[in-house]
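Start at 1 and go down the list; that is how both ligands and their atoms are numbered.
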Amino acid sequence: DLPADIATAKKNGAAGVGLYRTEFLFMDRTTVPGEEEQFYAYARIVKAFKGAPVIIRTLDVGADKPLRRAAPRETTNPALGLRGVRYSLRDPQHFKTQLRAILRASAYGAARIMFPMLTGMQELVQVAQLLEEAKAELAARKHRFNVRIPLGCVIETPAAALLAKRLGRCVDFLSIGTNDLVQYTLAVDRGDNDVAHLFDPLHPAVLLLIRNIIRAGLEARVPVTLCGEMAGDLRYTRLLLGLGLREFSMNSASLLEVKWLIQNSDVSRLRARVNRLLASHTPQEALALLERINK
Ligand code: PEP
Ligand code: MG
């Protein structure tokens with residue numbers, strides 16, 4: 001999330017950055033960061049990782065991450081409103097400023113671009129068009145950038161999860177955002193304490209979607225990573241391995257423990273156990289099966 005995380009991530013042996021949340025550059029201020037300011041921030045992290053992939057997610061504001069400069073809007077369902085890529089597409093000029101900044105950073109290392117909150121192909125077509133415009137603008141200004149910068153989408157809505165194969169065929173990688181995927185699949189507000197007990201990553205509907213996305217990635221021949229909190233939670237490491245996940249993106253403090261657990265897991269035995277968990281009928285049953293997987 002913050003430049004201060006770079007040192008811990010490197011010390012703990014991160015193989016790159018799976019999710020750089022750019023919104024933290026935009027929040028808690030009343031002005032919009034311009035292209036230069038964004039470029040320096042992105043180039044700094046890209047350079048720090050010296051050729052290892054750094055996935056920069058475009059602005060994901062709205063709902064639980066409001067911008068200070070935006071007047072509070074009257075809306076009954078902010079999580080279903082103007083957020084993620086929808087927000088960026090409403091303001092193409094600002095969006096292109098961000099795209100140009102990321103593109104320029106790609107001249108200094110292995111930057112990748114990731115788009116949040118897609119629900120289908122229509123948004124991908126629109127962002128691809130704006131990206132081409134941003135590239136042309138930079139070329140006209142004689143800036144260097146990676147013309148083939150890899151693109152990916154966060155799969156965090158049930159619609160995107162169901163269309164993961166189609167989306168995967170049009171991008172270079174997919175990343176599962178379980179924080180929102182759980183929220184939208186189970187209709188449980190991720191920030192509402194009253195329903196926190198219903199926010200259940202073990203729910204079979206969530207696990208079936210995760211498995212579907214991982215399979216979709218294999219069929220579309222693109223790597224699938226998981227960048228929600230689940231990836232850094234030791235309780236779920238073996239479960240995710242059993243579902244076929246091979247790339248984990250997490251907060252840097254969890255890296256060592258999760259790596260250790262992965263190295264001490266027998267992947268060949270996990271799939272059958274995970275299938276039993278997928279068939280469970282109650283959260284209690286799922287928890288008991290998870291305990292067995294983790295023994
Ligand atoms: C997610 O939704 O899982 C995710 C990684 O994004 P954020 O938590 O920033 O919404
Ligand atoms: Mg999200």
Side-chain angles (χ1 to χ4, degrees), residues 1-2 5 9 14 16-28 45 53-67 77-89 98 112-120 123-124 127 152-162 164 167 171 173-192 195-196 198-203 205-207 209-214 217 223-233 235-237 239-240 243 245 247-255 258:
D1 290 340
L2 301 169
D5 295 327
V17 175
L19 169 61
Y20 176 60
R21 288 184 165 100
T22 59
E23 48 274 16
F24 292 99
L25 266 177
F26 291 74
M27 290 165 74
D28 287 327
I45 185 158
V54 174
I55 300 178
I56 302 177
R57 185 178 70 181
T58 60
L59 189 59
D60 185 20
V61 289
D64 55 324
K65 289 177 278 195
L67 280 184
N77 265 321
L80 305 184
L82 199 59
R83 56 162 305 197
V85 78
R86 298 172 183 177
Y87 184 94
S88 297
L89 288 173
Q98 177 166 49
R112 300 180 180 183
I113 308 183
M114 181 159 82
F115 303 103
M117 274 292 291
L118 298 180
T119 54
E123 291 129 346
L124 205 50
V127 299
C153 27
V154 190
I155 305 294
E156 54 187 339
T157 63
L162 291 166
L167 290 164
V171 291
F173 63 93
L174 299 174
S175 188
I176 310 174
T178 43
N179 307 342
D180 277 310
L181 189 62
V182 174
Q183 153 165 275
Y184 292 124
T185 304
L186 303 181
V188 174
D189 184 339
R190 62 193 260 189
D192 183 343
V195 285
L198 298 175
F199 189 94
D200 181 12
L202 289 183
H203 192 292
V206 173
L207 298 182
L209 285 180
I210 294 177
R211 191 173 68 176
N212 184 51
I213 301 164
I214 294 169
V224 176
T225 179
L226 192 149
C227 66
E229 292 305 320
M230 233 182 140
D233 187 328
R235 285 173 300 173
Y236 304 127
T237 306
L239 166 63
L240 292 171
L243 286 170
L245 190 76
E247 291 188 21
F248 292 65
S249 160
M250 66 201 69
N251 66 73
S252 43
S254 305
L255 275 165
V258 173

Starting from the C-alpha separation in whole Å, work towards a yes-or-no answer on salt bridge (Lys or Arg N to Asp or Glu O under 4.0 Å) for Arg21 and Asp60. CA-CA 8 Å; Arg21 288 184 165 100; Asp60 185 20; over 6 Å; no
Residue pair Asp180, Arg83: steps toward the salt bridge (Lys or Arg N to Asp or Glu O under 4.0 Å) verdict: CA-CA 12 Å; Asp180 277 310; Arg83 56 162 305 197; 3.2 Å; yes
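When heavy-atom distances to ligand 1 are checked against 4.0 Å, the residues falling inside are Leu19, Arg21, Arg57, Asp60, Lys65, Glu156, Gly177, Thr178, Asn179, Asp180, Arg190, Cys227, Gly228, ordered by chain and number.
Annotation: side chain of Leu67 is in contact with side chain of Phe26 (closest heavy-atom distance under 4.5 Å). Looking only at side-chain heavy atoms (C-beta outward), Leu59 and Tyr87 come within less than 4.5 Å of each other. The shortest side-chain heavy-atom distance between Phe248 and Thr225 does not fall under the 4.5 Å cut-off.
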Quiz: residues 112-120 side-chain donor-acceptor pairs under 3.5 angstrom, not counting sequence neighbours:
from: Thr119; atom 1: OG1; to: Gln122; atom 2: NE2; distance (Å): 3.3
from: Thr119; atom 1: OG1; to: Glu123; atom 2: OE1; distance (Å): 3.4
from: Thr119; atom 1: OG1; to: Glu123; atom 2: OE2; distance (Å): 3.0

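Every residue was checked against the salt bridge (Lys or Arg N to Asp or Glu O under 4.0 Å) condition with Glu247, not counting sequence neighbours, and none meets it.
Note on the Mg ion (ligand 2): protein N/O/S atoms under 2.8 Å are Glu156 OE1, Asp180 OD2.
For Arg86 (side chain) and Leu80 (main-chain N/O), a donor-acceptor pair under 3.5 Å exists by modelled atom type.
A donor-acceptor contact closer than 3.5 angstrom links the side chains of Gln98 and Thr22.
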